[in-house]
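What follows is a set of notes on a single structure, which appears directly below.
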Amino acid sequence: CTDRFTQDYLNLPQVKSAIHVEGKLTWTDCNSMIAERYNRTSSALPKYKGNLQTNVSALIYSGDADAVVNFIGTERWIGSTEGLGLKVKSKWSPWYGPDKQLAGYSQTYAGLTFKTVKGAGHMVPAIRPLHALYMFECFVYGQDACDSF
Amino acid sequence: AQAHQVDELPNYKGNNPINFHHYAGHIDLPSNGQKMFYWHVESQHSPENDPLVLWLNGGPGCSSLGGFFTEIGPFVVQRDLSVKLNQYTWARKTNLVFLESPAGVGFSQPVLNATDYNDEFTSDRAFEFLEQFTKAYPQFKNRDFYITGESYAGIYIPFLVEKMLQTPTTGLNLKGYAIGNPFTDAKIDGNAYVDYYYTHALISMESYNDIVDKCSDELSGCLFSTTNCSKPCHEAVVDSPITSDTPYLNPYYIYGDVCV
């Protein structure tokens, strides 16, 4: 229930003052009115085709206990021909956290790495904070940082 | 643009003093005067050298401060509204900036005209925010930069990456992006929903076969609305536990408790 505590906290007058929010703004986690108004793009795949042609690295990760935007669909838009159809460079294999526990599975493609995070939901760091931090720092700093985490 | 050091947060409870600086406030965008709220947390390792990382929650319409307090930021709010330190914060070795985007979300203002709520406009304003941010915090000029986020940020981020690649005027050195459970393609992501339920034993083979038979490629339209959904497909979905058992299941975390 940390999302509820967060909402109560951010609406405390002394918190709003500390973070320089003026006036009578009320903070909510999500604004349903914007969600309803928003003209959503049906697919980001055309953007990937250009973005993957550069040296900018990409990590896509999936908490495997999320049904809503789940890893099955994610793997399909990365690897299948109905999606990007990226070629596999390194096949599906387990990855382990600094606690030596199985943290998920990983597959690398040309220009993109896909990892699952075992047991995590939609908000991965909320459920698997250690494995999420490790995965993130390994992505940013590389294998040496991973090894000395 | 100015940097705003966060004044002392109330109800802070911790055994150790805070060993990092953090800043929060609004940055005005020159193009239309939007006031974008951000919270910037310096790295606990080497803030003068570590990369800058932008975090975006999804929705669309959800605040990145949600990600700050429930996922990767340095503080966690407890039941009594005190805050404690998060030992797993991504600010351990990176400088973080959480942006409430688009305007109308959280403390970012104002609410826009409906026609402005689209991904081109949102990514253009996020890009403009980054230009102003590096003016307020010039130490980040030429700094390695990463974009991170989750869910509908699966759309926001590829748009923003493309914008930064085409218009390298922020002064940031874009190195990479990382997206968690990214909504990316309505058809592929939407149609995977029923496969996930079946392969995780949340619906029966009979329900699965019924949905597959009657829905074809239209499933995503039937899960989130009935606009593009045939009557047989709609009935198959509604009659299955996918929709009838939702009060007892958190689909965002199928093994988790439902918060009542």
- Query: Quick one: does NZ or CZ of R143(B) land under 6.0 Å from the six-membered ring centre of F145(B), within 45 degrees of the ring axis?
  - Reply: no
So, [X] versus [Y], ring centres under 6.0 angstrom or not?
X: Y197(B); Y: Y193(B); result: yes
X: Y105(A); Y: F71(A); result: no
X: F114(A); Y: W77(A); result: no
X: Y61(A); Y: H131(A); result: no

For the residue pair [X] and [Y], confirm or rule out a side-chain donor-acceptor distance under 3.5 Å.
X: Q143(A); Y: D147(A); answer: yes
X: W92(A); Y: E75(A); answer: no
X: D80(B); Y: S82(B); answer: yes
X: N57(B); Y: Y152(B); answer: no

Give, as side chain, backbone, both or neither, the part of [X] having an atom under 4.5 angstrom from any heavy atom of chain B.
X: K115(A); value: neither
X: F136(A); value: side chain
X: L112(A); value: neither
X: E137(A); value: side chain
X: S32(A); value: neither
X: T2(A); value: both
X: Y134(A); value: neither
X: M135(A); value: neither

Please state whether the side chain, the backbone, both or neither of [X] comes within less than 4.5 Å of a heavy atom of chain A.
X: N173(B); result: neither
X: L165(B); result: side chain
X: Y156(B); result: side chain
X: Q5(B); result: backbone

Identify which of [options] forms the greatest number of heavy-atom pairs closer than 4.5 Å to chain A.
options: V111(B), I157(B), V76(B), T199(B); answer: V111(B)
options: G256(B), P51(B), G59(B), S64(B); answer: P51(B)
options: I179(B), L81(B), N118(B), D144(B); answer: I179(B)
options: E150(B), K175(B), E100(B), R92(B); answer: R92(B)
options: A24(B), G25(B), P60(B); answer: P60(B)

Assert top hit (heavy-atom pairs under 4.5 Å, partner chain B, pool I72(A), V124(A), T41(A), I60(A)) equals T41(A)
Parallel, tilted or perpendicular: ring planes of H200(B) versus Y196(B), cut at 30 and 60 degrees
parallel
Requested in this report: Salt-bridge test for D119(B) and K47(A): reply yes if a basic N is under 4.0 Å from a carboxylate O, no otherwise.
Outcome: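 Result for this pair is no, no salt bridge flagged.
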